[in-house]
**Q** 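After the structure tokens below, expect a handful of questions from me.
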Amino acid sequence: DAGITQSPRHKVTETGTPVTLRCHQTENHRYMYWYRQDPGHGLRLIHYSYGVKDTDKGEVSDGYSVSRSKTEDFLLTLESATSSQTSVYFCAIRIFDREYSGNTIYFGEGSWLTVV
Amino acid sequence: GENVEQHPSTLSVQEGDSAVIKCTYSDSASNYFPWYKQELGKRPQLIIDIRSNVGEKKDQRIAVTLNKTAKHFSLHITETQPEDSAVYFCAAGPRTTGNQFYFGTGTSLTVIP
């Protein structure tokens, strides 16, 4: 599982409330990512981080913010959740994998978020 | 940025037949092309990859081919089995530098016993 854990795994929240998803890794990897997965859209990058306090936007960053105050944790926050943010959220880390001869992405188990 | 297109979106095959999934990419700087398999309710998991200086790679019943000139790559599954039923994603990105991987929209493969 590449040492990635996500929490919470399932959450139902009301429109307009703030929500924070946590991604925790145990192996000190520099790069961490947040993706959302929706039918017909595949996996779309929300934000990513390339080090402590170093983050950047992905292709669907509107309505989301992130923070990385320490290497092992990458937090995704929905400041005011909307129904369009109902999705499955995957955290991922980038590892240089000798078996696969290059950087590759390993995913956490996912967080199912429903905004009602 | 990179744009990865994947086809077909759904694919049904009889057990024992072959399945082929195709992807195209736009950024000639991409040089690493992994494939992921996602079972229902699970995380995407890496099953095979290919890098740009290689034209084909095989691992038992799965193989990937890459045509860098045409900017397309394919996943081939032979002798399909019911446990191959899943959603498959292709991706494109940098092998050793750069920050982002771009994913296709997925192919839902059903293997009919």
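Small disclaimer: the values here were computed from a predicted structure and weren't measured. The analysis underlying the following values was restricted to heavy atoms, covering all of them including side chains, and did not include hydrogens, waters or symmetry mates. Per chain, numbering begins at 1; letters A, B, ... match sequence-line order.
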**Q** Where on B:Q38 is there a heavy atom nearer than 4.5 Å to chain A: the side chain, the backbone, both, or neither?
**A**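 Contact with chain A involves the side chain of B:Q38 alone.
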**Q** Identify the two heavy atoms, one from B:R43 and one from A:F90, that lie closest to each other, and give their separation to 0.1 Å.
**A**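 Minimum heavy-atom contact is CA-CE2, 3.6 Å.
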**Q** Flag yes if more than 12 heavy atoms outside B:E83 fall under 6.0 Å of its CD atom; otherwise flag no.
**A**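 Yes.
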**Q** Under 4.5 Å between any side-chain heavy atoms of A:Q37 and B:F89, yes or no?
**A**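 Yes; the side chains approach each other to less than 4.5 Å.
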**Q** Look at atom NZ of B:K68 and say whether more than 12 heavy atoms of other residues, nucleotides or ligands are closer to it than 6.0 Å.
**A**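 Yes, because the 6.0 Å sphere around NZ of B:K68 holds more than 12 heavy atoms from other groups.
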**Q** Between B:Y36 and A:I105 (side chain of the first, backbone of the second, donor and acceptor by atom type, cut-off under 3.5 Å), is there such a pair?
**A**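 Answer holds: yes.
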**Q** Please report the closest heavy-atom contact between B:F101 and A:Y35, naming both atoms and the distance.
**A**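 Closest approach of B:F101 to A:Y35: O-OH, 3.2 Å.
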**Q** Is there a path from B:V20 to B:Y25 through hydrophobic residues (I, L, V, M, F, W, Y) whose side chains come within less than 4.5 Å of each other?
**A**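 Looking at the clustering, B:Y25 is in a separate group from B:V20.
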**Q** Flag yes if more than 12 heavy atoms outside B:E56 fall under 6.0 Å of its CD atom; otherwise flag no.
**A**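 Yes, the 6.0 Å shell around CD holds more than 12 heavy atoms from other groups.
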**Q** For the hydrophobic clusters of this structure (ILVMFWY residues joined by side-chain heavy atoms under 4.5 Å, transitively), does one cluster hold both A:V52 and A:F74?
**A**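 In one cluster with A:V52: A:F74, no.
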**Q** Treating Ile, Leu, Val, Met, Phe, Trp and Tyr as nodes and any side-chain heavy-atom pair under 4.5 angstrom as an edge, say whether A:L75 and A:Y33 lie in one connected cluster.
**A**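 No; tracing contacts between hydrophobic side chains, which count when under 4.5 Å, never links both residues.
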**Q** Output the option from B:P44, B:G41, B:G106 having the highest count of non-hydrogen pairs under 4.5 Å with chain A.
**A**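 Of the candidates given, the most pairs with chain A belong to B:P44.
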**Q** Which pair of heavy atoms, one from B:T105 and one from A:G40, lies closest together, and at what distance?
**A**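 Of all heavy-atom pairs spanning B:T105 and A:G40, the closest is CG2-O, 3.7 Å.
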